[in-house]
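All remarks here apply to the structure that follows.
All of these numbers come straight from a predicted model, not from anything done at the bench.
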Amino acid sequence: MPAKRHGGAHRHGRDRRAAVIHAPAGRPRFTGDAPSAAVVGGGLAGIAAATGLAERGVRVTLYEGERNLGGRLAGWPTRLADGTTVTMSRGFHAFFRQYYNLRGLLRRIDPGLETLTALPDYPLRHGSGLHDSFARVPRTPPLSALGFVALSPTFGVRDLARMDPRAALPLLDVRVPEVHERLDGVSAHDFLARIRFPEAAHHLAFEVFSRSFFADPRELSAAELVLMFHIYFLGSSEGLLFDVPSEPFPTALWDPLAGYLAGLGVDVRTGTPVRHVRPLPDGRIDVEAEGAGERASRHDALVLALDGAGLRRLVDASPGLGDAPWRASIDRLRSAPPFLVSRLWLDRPVARDRPGFLGTSGYGPLDNVSVLERWEGEAARWARRTGGSVLELHAYAVSPDADRAAVQAEALRQAHRVYPETRDARIVDERHEWRADCPMFPVGGYRDRPGVRGPDPAVTVAGDMVRTGLPVALMERAVTSGFLAANAHLERWGVRGQTLWTVPRTGRSPVLRRLAALGG
């Protein structure tokens, strides 16, 4: 059965100390003739940029190379061996309560966020048998930190006493963007070792979170990890509570957003990859896309809302775009190692007391397990009809040289350890998605990441790898950067843009800030 909604928690408001980022002032919108803008990329960043521009009257063309909108959250139909047509995707994504700008985007199509279902906990389990839970931990700092120490079996008072307090002080007052200047040259693994973070908690909590960036902690910048700690734990009263869409992504998100954009007059062109772009002497930009023949589309502004590999390819194919330093930094962008999403349709149910989502560590390649019928309507309908379950397994940061079939088999074997009742289940059908297109945030790589604004004022960049100078990450960084990219163009034209919100840019607790100052 799908998960019950938990007291309307999915409609949770903003932290009372959330920071507002006011858009530059200007007239409300264009009237009469309006400039045109091309947005390249139809994921969260591109849709946010197209929304921000079109709502102010800009004539927008949105180009997406794939047949479906959604980018890394896209979904597509597939037919199972039992004849059922279902939706496949790249799997579970947590819509955390701190994702204010993402939620603002979704409210355009769902004012009450009724399509989101609250999950009750972010449970974690280690192969040694240790468990952690955030459901009972207070959400307001500093009680959140004290509550975690008091309630966690992996982090006790003795562990706290063993930590290096001076080295750990940066966790207490994270300042954005200064955190990147202080910690980008250190790996997440080395930072945790430096502060003597408890080994069990290191593996269970921080390793699970760092791998949500699809990276090994030894490769991940400590600045990104500490920023995440601030966003989800000590800098926010939202905690680690999150929601998930109650139907597959196309039904819940992309089809309604495509309709919303069409209503604003946006020309949405899916299945239309952009070959190259060419800045013109008059400041406008020609965009040449596949299927457009020899004619280029001319625009007054351009938003590049692509993943890192796609951005590199387009910049390489567009020699007149940007200047040499900007192009070189784009060329140095790296993608994270491959990851696996395995979805299994089983002939019998997973035990009813299993959580719908479980983060794992110490189970070989397996990083998390989801039981989709706990929240997704389509999976729940299949499970009710067949008496089975829909199980999803994720494996992150897989070696590029790994035997993929062996990784799939080992992830399943580990899932049997986690949920033993699945050992005897027959797999009705299965799908395995291998991708390697998520951004990498390597040690020392912050300066190479593009900002929203570049050398050409007519060109902005958006995506979850973009430097925003704000405490945002993952899906929220994508949406926030998309709105910022739109705002940059609107500011040039004297039109007011989108107001944005984030968690506080400094430590939320005055007590913790004073403690952190002792290590300055």
Side-chain angles (χ1 to χ4, degrees), residues 37-54 60-76 87-96 99 101-106 108-109 212-214 245 248-262 266-274 287 289 302-315 330 333 335-336 339 341 433 435-441 449-450 452 460-468 472-486 498:
V39 177
V40 184
L44 282 170
I47 289 174
T51 298
L53 291 166
V60 178
T61 302
L62 175 61
Y63 297 91
E64 168 53 48
E66 300 295 327
R67 296 176 60 184
N68 306 297
L69 292 177
R72 294 197 291 272
L73 270 72
W76 56 92
T87 307
M88 183 58 188
S89 71
R90 294 159 52 132
F92 172 86
H93 282 73
F95 289 62
F96 286 96
Y99 291 178
N101 301 316
L102 171 57
R103 288 169 177 263
L105 177 65
L106 297 183
R108 266 81 166 181
I109 55 170
S212 71
F213 284 96
F214 307 96
F249 297 137
T251 302
L253 308 178
W254 311 128
D255 294 346
L257 281 168
Y260 179 75
L261 291 175
V266 177
D267 181 4
V268 178
R269 302 183 184 181
T270 55
T272 310
V274 171
V287 176
L302 173 66
V303 179
L304 299 173
L306 297 158
D307 61 37
L311 181 61
R312 288 196 306 271
R313 285 193 298 269
L314 185 55
V315 170
I330 298 295
L333 291 176
S335 295
F339 67 93
V341 175
E433 284 292 319
R435 303 294 176 105
D437 53 4
C438 293
M440 179 69 181
F441 304 114
R449 289 159 55 187
V452 169
T460 56
V461 182
D464 57 357
M465 78 294 193
V466 167
R467 287 185 288 112
T468 64
V472 289
L474 302 172
M475 291 191 292
E476 180 70 351
R477 183 182 287 149
V479 171
T480 301
S481 66
F483 280 126
L484 289 172
Q498 173 71 43

Can a donor-acceptor pair be found, under 3.5 Å and without considering hydrogens, that links the side chain of [X] to the backbone of [Y]?
X: Trp76; Y: Arg67; value: no
X: Arg269; Y: Tyr63; value: no
X: Glu476; Y: Leu102; value: yes
X: Glu64; Y: Glu66; value: yes

At what distance, to the nearest 0.5 angstrom, does [atom1] of [X] lie from [atom2] of [Y]?
X: Asp267; Y: Thr272; atom1: CG; atom2: OG1; value: 9.0 Å
X: Trp254; Y: Ile109; atom1: CH2; atom2: CD1; value: 8.5 Å
X: Leu311; Y: Leu304; atom1: CG; atom2: CG; value: 6.0 Å
X: Leu105; Y: Phe483; atom1: CG; atom2: CZ; value: 5.0 Å
X: Gln498; Y: Asn101; atom1: CD; atom2: CG; value: 7.5 Å
X: Met465; Y: Leu333; atom1: CE; atom2: CG; value: 6.0 Å

> Asp307: what forms a side chain to side chain donor-acceptor pair (under 3.5 Å) with it, not counting sequence neighbours?
Replying inline: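 Expected list: none.
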
> Residues two or more places apart in sequence or in another chain: which of them pass side chain to side chain donor-acceptor pair (under 3.5 Å) with Arg449?
Replying inline: Glu224

With the side chain counted from C-beta on, respond yes when [X] and [Y] share a heavy-atom pair under 4.5 Å apart, and no when they do not.
X: Leu474; Y: Asp464; result: no
X: Tyr99; Y: Val479; result: no
X: Phe339; Y: Arg90; result: yes
X: Ser335; Y: Arg435; result: no
X: Pro250; Y: Asn68; result: no
X: Leu73; Y: Ser89; result: no
X: Leu69; Y: Leu62; result: yes

> Among all residues two or more places apart in sequence or in another chain, which pass the side chain to side chain contact (heavy atoms under 4.5 Å, CB included) test with Ala436?
Replying inline: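 Pro338.
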
What heavy-atom pair brings [X] and [Y] nearest, and what distance separates the two atoms?
X: Pro439; Y: Ala336; value: O-CB, 3.8 Å
X: Leu44; Y: Ala478; value: CB-CB, 4.2 Å
X: Ala49; Y: Val303; value: CB-CG1, 3.9 Å
X: Ala485; Y: Thr460; value: CB-OG1, 3.3 Å
X: Phe95; Y: Leu253; value: CZ-CD1, 4.0 Å
X: Gly463; Y: Ser481; value: N-OG, 2.8 Å

